[in-house]
Amino acid sequence: MADQVKNYKVFITPLFDNETYHDPDGFVGNIDITDYVEIDGVSPISRQADLGDYLVGVYGFTEIKLKCRNEDGRFNPPTIFNNRVNYFRYERDRCKVVVKYFDKDGVEHISFQGIINEEGTKQDWMRGSVELSVLSNDSILRKVAIPSGAVGDGMLISEAIHSILNKPPILAVLNYDPLNVDVGVDIVVDLGSFFDLKPSRDGLDELLKASNSVIVIDAANNIYIRPRTENSNTPWAFYGESDLHGRTNIVSIENFNTGLQRAFNQVKVNDFTATHLKYTTRYGLRNTELKFDWLTTPAKWETIAKSYANTFAQPRMECELVTVTEIGKEIEMFDRVTIDYGNRVSKSSKSDHIPIQGIDKYGQAVYPYNQGVFKITPKIVWKVTGIEHDTKNLLTKLRLREIGISDIEGFPPEF
Amino acid sequence: MPIDKKTGSKFFEDSYTLFRDGVTATATTGNVSAKNLLNLNKDIRWQSVGSNDSITETVTITLPTAKTISRIYMSNHNLKQYTITYGAGNTNFTNVVGLDGPLGGGISETVYAKNASYYEFTPVTTTILKINAVKTQIAAQEKYIAVFVATQEIGTFTLPFDVSPRLARNPRTASTLSGKQIIQKNYEMFSASINLPMLSNQSDVDLVEALHLRETPFLFWPCGGHYGSSYFRVNLRSWRLEDIYRCQMTSTLGNDFYKNLYTTFAVGNINLQEVV
């Protein structure tokens, strides 16, 4: 089959009544509104840890905005002007939105699923446009409170997480399977009442922090609780501009840094402080503090502090890699990636080819020109900690963090 | 009959023998460099080790899935005597036409003197291609091939239209305090503007529209198989036999008739840009 046009499409499913989704004519399913979405009308679809607090491990989707043409009033809320073409006969709020990417084979990939948030939606009557605010489905976690007693004293963290997630309002929107719960440090909760009536999201934040785990919600709304470790996939291979075999698939590499800003070699949890002395000597004292009011046992503070110090003592390189969405469409959070970004090599003007080690002879062959100050070897393996899709330019930005052993001791930091 | 002297540039499907698509190559000697001929990079090549004119070097190219091919192109090589066959049984191609005319008995050369080769033949479907290299143009040299392409033809312009190639180095320039500049040149990038002042053949129109509708890159061979002083007064980059580029059409397709007279001919202009 000939290659298809690669593009994004946007679909909505309106609310018929408070509990039923379908359009006014009874059609159950997604309505394609792509023709009414402005060309740059889909804001970047991003998935990453909460901004500003990378120790928090909820990797959900950020909110997106949809700018739509509304000259005929089809996106009006029912309270304003309910005409024949209006999609929203019952409510505009909470109507479902799906953004899909169609690849070169015509296969669709769900990039984002969410519900319209009326509070953030804006209407421009003069321009005949509307900007829909769409929250991802995982925003339900902010709207559902933890029932009193759901988290009890003596529960393991994994059990507490199960108790929080296994609730009908959450299950109605997200897919939860207890088998997908795998925490890093599974310790016992001392004061379960701490979690009573808190938003589920806040309760999960606390439990994930204490267990040094993350929650990942994929585009199909499946929930995974897991350690921060990388997946076991065959690493996605990326090649820079200088690849001699024409495999270049990197558009750009941005915000490369040594990761020192995310390194912590002294971690204080409540009243216990864990310090990696070798790393404080090497990188200077870099400390952070975590507080858990629901943990009263010093031994648990020690366990958590040491776990974090082991994870974050060694600075890990970070960067953002931009590639085409045709490649990025299948990459998942925490997938492994390699980057082969070498110097720019070109043949010398005194030679007709680039010499090959083991083939060409010293004294006969001529060294090639070598340009560039930046080199990343594919021996380094990275993990994906953030994904952002640019729907207009069909580009995907991957936030990457190095996976590696300590460069001080030759093995991972450990007390 | 040889390549039609009146025709223009040629267009092919992207090479079916690319290393990045999972194609592999092995060689009798110089095996570590065998994969270097599975791309369009003329600066890297397969090269034999310890060879001479009494030793036949065989390069075997294996495709992950069978492909139907009808064109073979090879450039930046120094081979004088060689054969190219397909399949595990070393089957000869049939109805082969080279740059200088028909070849009997498959792709078999004994006194080849150019640095690029091109063959058209009856289509075959295969996963294996073999190059048996016997002699080099300068006797007893190490044998080498930089580019090997197996593909199918999309089309050939029936006329030598006005092709304006451009080769850019896209230099990165930085001004310094001394007032001087630091300039770093990038890899060469090809682009071309093709002026079509007289599209009177339907095949040319179909070719242009096919390029417009494609989602995937194609190979553009500006010289179309023509060479020598009877076609080119001087040897110019982009017009040599070894100059073949992977491109995409980037321009808007304009469909005009000359002076709006529908019974005359169509006119147009297209732009091509080299892609990765």
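Since the structure is predicted, the reported quantities are computational estimates derived from the model, not experimental observations. The chains referred to below are lettered A, B, ... by the order of the sequence lines, with proteins before strands, and numbering in each begins at 1.
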Whatever's closer than 4.5 Å to a heavy atom in chain B on A/Ile356 counts as side chain
> Within a reach of under 6.0 Å around CD of A/Gln357, are more than 12 heavy atoms found that belong to other residues, nucleotides or ligands?
Replying inline: no
Okay, A/Asp243 and chain B: the region with an atom under 4.5 Å from a heavy atom over there is neither
Scored by heavy-atom pairs under 4.5 Å with chain A, the best of B/Asn41, B/Thr29, B/Leu18 is B/Asn41
If one checks every heavy atom of A/Ser351 against chain B at 4.5 Å, the contacting part turns out to be neither
Is A/Lys100 salt-bridged to A/Glu108, going by a charged N under 4.0 Å from an acidic O? yes
From the list B/Leu40, B/Leu38, B/Asn36, B/Val32, the residue making the most non-hydrogen contacts under 4.5 Å with chain A is B/Asn36
When the 4.5 angstrom heavy-atom criterion is applied to B/Ser48 and chain A, the contacting part is backbone
Taking the six-membered ring for Trp, is the centroid-to-centroid distance between B/Phe220 and B/Phe11 below 6.0 Å?
yes
Side-chain touch B/Arg237/B/Leu167, heavy atoms, less than 4.5 angstrom: yes
Per-residue tally against chain B (heavy atom, under 4.5 Å) across A/Lys347, A/Arg344, A/Lys6 peaks at A/Arg344
Turns out that what part of B/Asn186 lies under 4.5 Å from chain A's heavy atoms comes down to both
Note: vs chain A, highest number of non-hydrogen pairs under 4.5 angstrom among B/Glu142, B/Lys185, B/Arg246, B/Lys42 is B/Lys185
Subject >> A/Arg69/A/Glu38 ion pair, N-O < 4.0 Å >> reply: yes
Applying a strict 4.5 Å limit to non-hydrogen atoms, the region of B/Asn76 in contact with chain A is neither
What about B/Tyr227 and B/Trp239, are their ring centers closer than 6.0 Å? no
Review point. Salt bridge between A/Glu388 and A/Arg399, side-chain N to carboxylate O under 4.0 Å?
Key: yes
